[in-house]
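Single-structure report; data block below.
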Protein chains: 4
Amino acid sequence: MKMKNDKAQQIMVAAAGVFAREGFHKATVEEIARKAGVGKGTVYEYFESKDDLFRAMIREGVQLFLKVLAAELACEDGVRAKLIRFVEVSACFLKEHESQARFIMEDAWGLGKSFCQWMAETRQELSGLVREIIEEGVKKGELRPVDPDLVTKVFTGANHALIVSAFSTGEYPDREMATSLVDLLFQGLQP
Amino acid sequence: MKMKNDKAQQIMVAAAGVFAREGFHKATVEEIARKAGVGKGTVYEYFESKDDLFRAMIREGVQLFLKVLAAELACEDGVRAKLIRFVEVSACFLKEHESQARFIMEDAWGLGKSFCQWMAETRQELSGLVREIIEEGVKKGELRPVDPDLVTKVFTGANHALIVSAFSTGEYPDREMATSLVDLLFQGLQP
Amino acid sequence: MKMKNDKAQQIMVAAAGVFAREGFHKATVEEIARKAGVGKGTVYEYFESKDDLFRAMIREGVQLFLKVLAAELACEDGVRAKLIRFVEVSACFLKEHESQARFIMEDAWGLGKSFCQWMAETRQELSGLVREIIEEGVKKGELRPVDPDLVTKVFTGANHALIVSAFSTGEYPDREMATSLVDLLFQGLQP
Amino acid sequence: MKMKNDKAQQIMVAAAGVFAREGFHKATVEEIARKAGVGKGTVYEYFESKDDLFRAMIREGVQLFLKVLAAELACEDGVRAKLIRFVEVSACFLKEHESQARFIMEDAWGLGKSFCQWMAETRQELSGLVREIIEEGVKKGELRPVDPDLVTKVFTGANHALIVSAFSTGEYPDREMATSLVDLLFQGLQP
DNA sequence: GATGAATGAGTTTTCATTCAT
DNA sequence: TATGAATGAAAACTCATTCAT
């Protein structure tokens with residue numbers, strides 16, 4: 001079953017690798033097809049265009065990330081624990097899916113305005129998860145009544161900075177660093 | 001005086017606009033030249049290539065930003081005041097130079113790996129300013145002995161998130177938001 | 001069968017005509033493609049670059065020329081007969097393939113040093129045929145012990161001059177002239 | 001006196017070097033001007049165009065060659081002596097003016113048909129000198145009544161081959177080789 | 001006369017996309 | 001459905017030539 005999906009998956013995986021290595025514009029559909037072990041025409045059977053393939057690939061990655069993240073966060077209790085887990089899971093997931101990850105974390109204005117906007121919206125879904133944690137924390141009285149929007153931005157921004165930095169250095173944040181980060185923020189958030 | 005510099009400047013200003021609007025690849029040298037009011041060949045008199053023009057333009061923007069920032073920070077006393085001023089000046093500057101700003105704040109992996117690396121290095125100079133503030137604060141005992149690296153990443157990451165968000169919403173952080181942000185972090189940093 | 005080869009052939013034939021008429025630099029890939037009845041991109045499917053196409057075309061011509069020449073010379077007996085045939089076949093062949101021929105006979109320093117060198121090497125193969133005839137003649141005692149190198153140069157130089165002159169005047173050497181030429185040299189070569 | 005001519009000369013010398021090294025198309029007017037120690041605009045004060053400069057440079061070289069050759073040949077008596085001297089002087093002159101020489105000896109169809117034709121005509125002047133020697137030899141009875149045209153072509157072709165070969169190998173024909181060459185032909189020319 | 005900054009026409013080359021098989 | 005040969009639009013870049021100083 002889902003043979004069609006399998007081939008699309010195959011192509012998206014190949015695409016992630018090539019896009020990550022070459023950047024969007026230098027990547028060629030031909031190479032992606034070759035790495036995926038299919039003909040160039042086949043790529044167009046499953047995706048409208050190079051742009052479409054790219055978007056689909058990112059959406060796929062984000063969706064998986066969100067699913068994993070949501071599942072892991074559900075296991076944790078309390079704002080602090082959830083946030084620590086957030087940092088930890090982010091790092092872990094992105095480490096294992098580095099090529100797809102770059103597209104999720106990094107901006108890409110180089111691809112044109114509309115693309116950027118779409119990316120921004122896509123990234124919103126992610127910060128949504130954090131906002132929920134914060135809002136719940138405030139409601140439950142675990143946090144003092146801060147602006148959830150500001151805190152979300154601060155937290156995701158900080159997390160983003162850690163990950164992006166790890167892309168270059170290879171030092172992905174571990175549980176200890178995650179704890180340090182969260183505690184840094186947490187002190188300013190307590191009632 | 002400085003006629004030569006003027007023409008290069010003229011071209012870089014035009015380039016910033018076109019690059020910001022179209023993205024690197026969709027932007028054409030021809031349009032940049034037209035907007036700058038010079039011939040296509042003239043662009044190549046002053047810049048080796050489209051890439052070179054792009055890099056020069058960013059470097060120009062970063063340098064100006066650094067200069068302004070350093071000057072403003074020098075007027076402030078104490079870590080807290082400096083950090084607040086940092087957020088405020090970032091927002092203010094980037095608001096007024098939005099087109100150049102995007103390149104400073106946002107990544108551009110779409111342009112290829114080596115390009116990204118160069119951008120990363122360029123952006124390092126910026127975080128250097130923050131690290132200095134933090135390190136000095138620790139040394140002077142204003143802050144507890146935290147890892148300056150971590151704090152720098154958290155702070156710049158948060159600031160980055162605020163600015164990038166402002167690019168879409170148009171709501172640039174004001175002094176109040178800057179204070180909120182800094183105080184959020186500051187509580188976790190006090191001795 | 002040999003569909004692939006056919007298309008490359010098709011393009012090379014068109015190229016020979018355009019290159020001969022316009023010269024290397026004035027010739028455009030676009031016109032070559034048009035004359036070959038294919039799209040511009042197709043030329044690049046079969047040849048790396050304009051340079052590559054040019055080289056391939058010449059190599060093709062030289063190879064054909066060498067094949068024909070070798071076959072014809074094999075039918076003749078004795079140095080004198082072979083040399084006469086050489087002149088005759090050269091003239092005949094080059095008359096029928098004038099556009100390709102110019103590249104084989106004439107130098108082309110205008111295309112850059114490395115190109116020239118390659119052309120020189122290519123042309124060496126041709127003089128090799130003559131040298132063999134001379135060397136064999138000396139060994140068999142048909143000729144007095146002359147320097148085969150010198151004689152080869154004299155003979156090919158003379159032949160070259162005849163052909164090149166024919167390009168302008170249209171008077172390609174016939175059997176009579178071939179005989180005159182060879183006899184002129186032959187008297188100085190007899191034991 | 002002749003200041004104007006001096007500057008033109010200066011430019012032509014520089015041009016010869018650059019053209020010889022780079023080929024016609026790769027050579028830039030800018031580099032020629034630089035090597036000549038003048039401004040780019042100055043080149044256009046003395047020559048209509050790059051083409052014009054090139055032609056003028058060749059004509060200059062040919063004219064000098066013809067003058068030298070004519071003078072040297074006038075000192076010799078008899079066909080054989082004159083022809084030997086011809087080879088010798090050619091070699092010697094071209095060795096000393098190699099960069100200009102290539103243009104005189106080698107063809108340049110790469111520059112377009114009309115250019116080639118002009119070059120052919122220019123080279124005619126040279127063979128004219130040889131034809132005169134042959135014709136006079138025939139008239140005076142030193143040679144049997146051969147076709148002067150054929151002999152001229154053979155001789156100049158052979159000489160050409162020797163020189164062109166020397167361009168690559170660096171072994172310019174000396175008096176001994178000149179004698180060998182002429183005697184080779186001479187035996188077929190005696191009454 | 002001399003200069004060199006400015007120009008833009010003209011070319012090669014790339015690659016996403018199509019479509020006949 | 002899968003393919004990959006063919007296509008041509010699009011863009012960077014070069015350099016001969018001009019002309020204001």
Can T28(D) and E22(D) be said to form a side-chain contact (heavy atoms from CB on, under 4.5 Å), step by step?
CA-CA 9 Å; T28(D) 64; E22(D) 306 288 352; over 6 Å; no

Between [N] atom [atom2] and [X] atom [atom1], what is the distance in whole Å?
{"X": "R34(D)", "N": "dG4(E)", "atom1": "CZ", "atom2": "P", "value": "11 Å"}
{"X": "F54(C)", "N": "dT12(E)", "atom1": "CZ", "atom2": "C1'", "value": "17 Å"}
{"X": "I11(A)", "N": "dA2(F)", "atom1": "CD1", "atom2": "C1'", "value": "11 Å"}
{"X": "F47(B)", "N": "dT7(E)", "atom1": "CZ", "atom2": "P", "value": "14 Å"}

Would you tell me whether E60(D) and Q9(D) have side-chain atoms, one donor and one acceptor, within less than 3.5 Å of each other?
yes

Can you spot which of R21(A), K40(A), K26(A) makes a side-chain hydrogen bond (donor to acceptor under 3.5 Å, both in side chains) with E31(A)?
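With E31(A) as partner, R21(A), K40(A), K26(A) yield a single side-chain hydrogen bond (donor to acceptor under 3.5 Å, both in side chains), made by R21(A).
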
Just so I know, are the side chains of M12(D) and F47(D) near enough to count as touching, which here means a heavy-atom distance under 4.5 Å?
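Yes, at least one pair of side-chain atoms sits under 4.5 Å.
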
Side chains of K35(B) and V13(B), heavy atoms from C-beta outward: is any pair under 4.5 Å?
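K35(B) does not reach V13(B) side chain to side chain.
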
Quick one: the dot-bracket string of DNA chain F, using Watson-Crick and G-U wobble pairs with both distances under 3.5 Å, [ ] for crossing pairs and | for bases paired to another strand.
.||||||||||||||||||||

Taking only N/O atoms, report every protein-nucleotides 14-18 of chain E pair under 3.5 Å with atom names and distance.
unit_1: dA16(E); atom_1: OP1; unit_2: A27(A); atom_2: O; d: 3.3
unit_1: dA16(E); atom_1: OP1; unit_2: K50(A); atom_2: NZ; d: 2.9
unit_1: dA16(E); atom_1: OP2; unit_2: V29(A); atom_2: N; d: 2.9
unit_1: dT17(E); atom_1: OP2; unit_2: Y44(A); atom_2: OH; d: 2.9
unit_1: dT17(E); atom_1: OP2; unit_2: K50(A); atom_2: N; d: 3.0
unit_1: dT17(E); atom_1: O4; unit_2: K40(A); atom_2: NZ; d: 3.1

Whether F24(C) and F54(C) hold their rings parallel, tilted or perpendicular, with breakpoints at 30° and 60°
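Aromatic pair F24(C)/F54(C) classed perpendicular.
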
Residue pair L53(A) / V43(A): nearest heavy atoms and the distance that separates them
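In terms of heavy atoms, the two residues are closest at CD2-CG1, 4.2 Å.
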
DNA chain F: 5'-proximal contact among V38(A) and G39(C) (nearest heavy atom):
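Taking each residue's closest nucleotide, the earlier one in sequence belongs to V38(A).
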
Measure from NZ or CZ of K50(D) to the centre of the six-membered ring of F19(D) and say whether it is under 6.0 Å with the direction within 45° of the ring axis.
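No.
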
From the list dA6(E), dT3(F), dA2(E), which nucleotide is the closest neighbour of the side chain of Y46(D)?
dA2(E)

